[in-house]
2 protein chains.
Amino acid sequence: MSEELEKAQDILLGKVNQLCAKFGLNNVMAQLYIVLYLQGKSMSLDAMVERLKISKGSVSVNIRALERYGAVRKVWVKGSRKDFYEVETDISRLIIERVKSMIQGRLSEVKEAIDASHRALNSIKPVDKEERESIKVFNERLNQLNKVQNKARGLFNLFNSSFLNKAIGLKTKRNNKEEMVEIH
Amino acid sequence: MSEELEKAQDILLGKVNQLCAKFGLNNVMAQLYIVLYLQGKSMSLDAMVERLKISKGSVSVNIRALERYGAVRKVWVKGSRKDFYEVETDISRLIIERVKSMIQGRLSEVKEAIDASHRALNSIKPVDKEERESIKVFNERLNQLNKVQNKARGLFNLFNSSFLNKAIGLKTKRNNKEEMVEIH
DNA sequence: TAGTTTGTTTAGAACGTTTTAAACGATGTG
DNA sequence: CACATCGTTTAAAACGTTCTAAACAAACTA
């Protein structure tokens with residue numbers, strides 16, 4: 001691979017690195033994915049080590065994590081004993097699936113915590129007027145939190161049921177062939 | 001504040017801690033906010049130190065960060081020389097504003113990186129057939145990325161213009177008074 | 001079977017982030 | 001003015017995470 005091509009890739013890799021930091025994600029996984037994605041062909045572990053200048057152990061661990069996510073798959077290359085990996089190119093489906101399951105998971109967790117806190121609160125027998133007042137405020141706040149959480153959930157469900165899929169062009173018969181969008 | 005009330009709060013605080021880790025956020029800020037929010041009254045720095053068992057320096061830095069975000073405000077308490085802070089309780093507006101600006105920022109960053117990478121790619125003069133092929137694939141991938149990014153942007157704009165505000169009950173005259181949502 | 005090549009595991013190093021304690025500065029008080 | 005009470009800053013420690021090099025295991029080759 002030419003040095004110039006590598007540089008053009010590195011621009012994207014640098015930004016991905018930044019974004020990962022902001023979202024608390026593992027950047028090696030993201031970079032492996034991007035390299036495979038832009039390359040458009042399968043690569044061996046050694047090739048990835050060479051390309052990203054990281055240790056083989058790290059590549060091994062992270063490429064398998066990507067495989068578990070369904071982001072890459074192992075492919076057989078005739079005449080080589082090495083493991084080759086190629087990318088799942090339907091990137092929008094991949095992103096959407098991950099975002100969806102993430103939102104769902106977090107919403108459930110939050111709801112669970114609110115409910116647990118609420119139960120604990122309701123089991124308290126207030127000893128004086130001040131405590132009764134504290135409990136009242138606490139209750140109001142939990143109800144408010146619950147309301148926000150419910151709205152977010154409703155929004156997500158609406159989104160999930162049809163709007164999102166149409167807007168992003170997934171699962172519709174019409175949009176089966178990829179219409180190209182030119183840059184500039 | 002009674003031990004039982006503190007325990008009921010701590011349930012929520014624990015979950016917030018987990019969520020912060022998953023999103024790469026600062027958990028002290030989140031915990032300060034939650035404590036002030038559930039308490040429903042202003043607190044001094046010392047009270048927060050006592051409540052969360054963290055150093056005063058940490059409270060000082062993080063409460064001011066919250067203030068910059070517009071999440072809390074300093075209030076004057078008669079007869080005390082201490083700084084008291086109270087929470088901005090319109091939590092849904094707060095969350096939405098932050099999510100919105102975050103999405104917008106990230107989308108712009110991604111677009112910028114794609115464009116830069118694309119420009120670098122287009123300035124390359126391929127020396128052989130193989131390199132020409134690499135560039136072609138690379139170009140296709142960048143176009144694909146751009147398409148996803150465009151769709152996400154379109155979705156966000158649609159969302160932002162009306163749908164989100166209606167669904168979440170913001171900025172509408174009707175929903176001005178808070179309708180309570182009961183838990184269980 | 002002995003020797004290679006390959007992928008995986010792991011103990012410790014390197015790294016960045018967060019937290020704290022102590023120093024500091026500013027402001028009020030007797 | 002001397003002292004006390006705050007909030008802020010900062011240097012160093014504590015912490016968790018990520019990365020690497022080396023050991024290891026498994027599969028192939030001669």
Side-chain angles (χ1 to χ4, degrees), chain A residues 10 13-36 42-69 71-87, chain B residues 10 13-36 42-69 71-87:
Chain A
D10 285 348
L13 288 177
K15 178 52 71 180
V16 164
N17 228 15
Q18 283 178 24
L19 287 176
C20 284
K22 284 177 180 165
F23 283 97
L25 304 175
N26 181 324
N27 60 345
V28 174
M29 276 176 66
Q31 296 206 345
L32 283 172
Y33 184 87
I34 292 290
V35 163
L36 283 171
S42 64
M43 291 174 84
S44 70
L45 293 200
D46 289 326
M48 299 182 227
V49 167
E50 174 57 28
R51 176 65 184 84
L52 291 174
K53 308 288 184 206
I54 56 180
S55 73
K56 204 171 177 179
S58 187
V59 171
S60 172
V61 169
N62 288 291
I63 201 77
R64 275 178 298 153
L66 279 174
E67 205 180 11
R68 277 200 306 280
Y69 281 150
V72 302
R73 56 174 160 266
K74 207 184 277 196
V75 293
W76 178 73
V77 170
K78 196 166 76 175
S80 175
R81 279 168 49 204
K82 299 189 181 190
D83 291 353
F84 282 74
Y85 288 87
E86 71 177 18
V87 95
Chain B
D10 286 349
L13 288 177
K15 178 52 72 180
V16 165
N17 228 15
Q18 281 178 26
L19 288 177
C20 284
K22 284 177 181 166
F23 284 97
L25 304 175
N26 182 326
N27 59 347
V28 173
M29 275 175 67
Q31 295 206 346
L32 283 172
Y33 184 88
I34 292 290
V35 163
L36 283 171
S42 63
M43 292 174 83
S44 69
L45 293 201
D46 288 327
M48 299 183 225
V49 167
E50 176 56 29
R51 176 65 185 85
L52 291 174
K53 310 288 185 206
I54 56 180
S55 72
K56 202 170 180 182
S58 186
V59 171
S60 172
V61 168
N62 287 292
I63 201 76
R64 275 177 298 153
L66 279 174
E67 205 181 10
R68 276 200 306 280
Y69 281 151
V72 302
R73 57 173 160 267
K74 205 184 277 196
V75 291
W76 178 72
V77 170
K78 196 167 75 178
S80 176
R81 279 169 49 205
K82 299 189 182 193
D83 291 353
F84 282 74
Y85 288 87
E86 72 177 16
V87 95

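Chain identifiers are assigned alphabetically (A, B, ...) following the order of the sequence lines, protein sequences preceding nucleic acid strands; residue numbering begins at 1 within each chain.
Distances were taken from every side-chain heavy atom of B/S55 (C-beta onward) to each of D/dC19, C/dT19, C/dG7; the shortest belongs to C/dT19. Taking the side chain of A/R81 as heavy atoms from C-beta on, and the options D/dT5, C/dT20, C/dT5, the nearest nucleotide is C/dT5. Distance from the side chain of B/K56 is smallest to D/dG7 among D/dG7, D/dT9, C/dT9. Which of C/dT20, C/dT9, D/dC19 sits closest to the side chain of A/R64 comes down to C/dT9.
Within the 4.0 Å cut-off from OP1 or OP2 of D/dT20, not a single side-chain nitrogen or oxygen of A/N62 is found. Look at A/S60 and you won't find any side-chain N or O under 4.0 angstrom from OP1 or OP2 of C/dG7.
Across the protein-nucleic acid pair, A/M29 atom CE and D/dT17 atom C1' stand 15 Å apart, rounded to whole Å. Whole-Å rounding puts the A/Q31 CD to D/dT18 P distance at 14 Å. The CD1 atom of B/I63 sits 17 Å away from the C1' atom of C/dT18 (whole-angstrom rounding). Summarising the geometry, the separation between CE on B/M43 and P on D/dG7 is reported as 13 Å, rounded to the nearest angstrom. If you measure from atom OH of A/Y85 to atom P of C/dT6, you get 15 Å, rounded to the nearest angstrom. What separates NZ of B/K74 from C1' of D/dT8 is a distance of 11 Å, to the nearest Å. Spacing between atom CG of B/D46 and atom P of D/dT8 amounts to 12 Å, rounded to whole angstrom units. Regarding B/D83, its CG atom lies at a distance of 12 Å from the P atom of C/dG28, rounded to whole Å.
Atoms CG and CZ, on A/L45 and A/R64 in that order, are 9.0 Å from each other to the nearest 0.5 Å. Remark: A/S58 OG to A/M48 CE distance equals 11.5 Å, nearest 0.5 Å. Considering CG of A/D46 and NZ of A/K56, their distance stands at 4.0 Å, rounded to 0.5 Å.
The two residues B/S44 and B/F84 make their nearest non-hydrogen contact at N-CD2, 3.6 Å. A/R51 and A/V35 get closest at one heavy-atom pair: CG-CG1, 3.9 Å.
Within the 4.0 angstrom heavy-atom criterion, only backbone atoms of the sugar-phosphate kind lie near A/V28; the bases stay farther away.
Inter-residue side-chain proximity for B/N62 and B/I54 is flagged as unmet; no heavy-atom pair is nearer than 4.5 Å.
Comparing B/S44 and A/I54 against DNA chain D, the residue whose closest nucleotide sits nearer the 5' end is B/S44.
In this structure, the helix from C/dT1-D/dA30 to C/dG30-D/dC1 shows an angle of 20° between the axis at its start and the axis at its end, each fitted on 5 base pairs and rounded to 10°.
For the side-chain contact (heavy atoms from CB on, under 4.5 Å) test with B/L32, the passing option among B/L52, B/N26, B/V72, B/N27 is B/L52; the others fail.
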